[in-house]
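Below is one structure, written out as structure tokens; comments come after it.
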Amino acid sequence: MQLKEQEGIQIIDLSARVDVTSSPVLEELCHEMLESGHFKVICDFSGNEYVSSAGLRVFLSTLKRARKAGGDVVLCCLKPGILEIFDMTGFTSLFK
């Protein structure tokens with residue numbers, strides 16, 4: 001996972017699997033990003049093949065904190081299998 005910034009928007013490259021092992025790393029990255037006042041986030045799934053329930057929890061908590069501060073979390077480049085996971089959990093109605 002890598003974090004980069006473009007025009008004031010934080011872009012998280014989720015090229016690795018987001019599972020029980022990697023979700024704590026993602027959670028810490030998101031926590032630090034929000035604590036530093038960055039509330040506009042894009043999660044780039046172009047290189048991602050797997051998201052577990054642990055990863056979904058991180059995305060949801062990040063979304064709630066960002067929106068509470070007037071920001072948002074946007075998902076992009078979801079592959080069909082990942083999109084299906086977000087659909088089944090009802091998360092597609094929460095995220096842009």
Side-chain angles (χ1 to χ4, degrees):
M1 281 172 249
Q2 291 183 326
L3 181 64
K4 54 188 169 184
E5 183 175 341
Q6 186 173 346
E7 297 179 24
I9 298 172
Q10 302 298 303
I11 302 169
I12 302 173
D13 178 359
L14 299 163
S15 57
R17 293 170 52 98
V18 181
D19 55 21
V20 71
T21 303
S22 63
S23 62
V25 175
L26 176 61
E27 186 170 36
E28 181 63 26
L29 178 78
C30 291
H31 177 76
E32 289 174 4
M33 177 186 59
L34 295 169
E35 287 296 313
S36 66
H38 296 97
F39 305 111
K40 295 179 181 177
V41 182
I42 296 174
C43 295
D44 180 0
F45 284 83
S46 58
N48 183 275
E49 298 289 338
Y50 180 79
V51 175
S52 73
S53 59
L56 292 173
R57 181 187 59 76
V58 174
F59 294 120
L60 184 59
S61 66
T62 302
L63 175 69
K64 287 180 179 180
R65 290 184 63 201
R67 284 192 178 158
K68 186 175 181 180
D72 206 355
V73 176
V74 175
L75 311 179
C76 74
C77 305
L78 281 80
K79 294 180 179 169
I82 302 299
L83 182 57
E84 185 177 353
I85 292 169
F86 277 84
D87 281 340
M88 288 188 315
T89 57
F91 279 28
T92 49
S93 64
L94 301 174
F95 290 89
K96 295 178 184 170

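- Taking each heavy atom of Met33 and Val41 in turn, the nearest pair found is CE-CG2, 3.5 Å.
- Shortest non-hydrogen contact noted between Lys79 and Asn48 is CD-O, 3.6 Å.
- Minimum heavy-atom separation, Arg65 to Leu34: CB-CD1, 3.7 Å.
- Ring geometry, Phe86 versus Phe59: the interplanar angle falls from 30° to 60°, so the pair is classed tilted.
- Judged by distance alone, with hydrogens and angles left aside, the side-chain atoms of Asp13 form no donor-acceptor pair with the main-chain N or O of Gln2 at under 3.5 Å.
- Annotation: side chain of Val51 is in contact with side chain of Phe45 (closest heavy-atom distance under 4.5 Å).
- Of the candidates Lys4, His38, Lys40, His38 is the only one forming a side chain to side chain contact (heavy atoms under 4.5 Å, CB included) with Gln10.
- In this structure, the separation between CG on Asp87 and CD1 on Ile82 is 11.5 Å, given to the nearest 0.5 Å.
- Taking the side chain as every heavy atom from C-beta outward, Leu26 and Ile12 approach each other to under 4.5 Å.
- With hydrophobic clusters built from ILVMFWY side chains whose heavy atoms lie under 4.5 angstrom apart, Leu56 does not share a cluster with Tyr50.
- The nearest pair of heavy atoms linking Cys43 to Val73 is SG-CG1, 3.9 Å.
- Atom CZ of Arg57 sits about 9.5 Å away from atom OG of Ser52, to the nearest 0.5 Å.
- Linking Ile, Leu, Val, Met, Phe, Trp and Tyr residues whenever their side-chain heavy atoms come within less than 4.5 Å leaves Ile9 and Leu75 in two separate clusters.
- A distance-only check finds a donor-acceptor pair linking the side chain of Ser22 to the backbone of Arg17 [under 3.5 Å].
- Ile11 and Leu29 are not part of a single hydrophobic cluster, where members link through side-chain heavy atoms under 4.5 Å apart.
- Minimum heavy-atom separation, Ala54 to Val20: CB-CA, 4.1 Å.
- To the nearest 0.5 Å, the span separating OG1 on Thr62 from CG on Asp72 amounts to 12.0 Å.
- Closest heavy-atom contact between Gly8 and Glu5: CA-OE2, 3.4 Å.
- Under the 4.5 Å side-chain heavy-atom criterion for Ile, Leu, Val, Met, Phe, Trp and Tyr, Leu63 and Ile42 are members of distinct hydrophobic clusters.
- Cluster annotation: Leu60 and Val74 are assigned to distinct hydrophobic clusters (Ile/Leu/Val/Met/Phe/Trp/Tyr, side-chain heavy-atom contacts under 4.5 Å, transitive).
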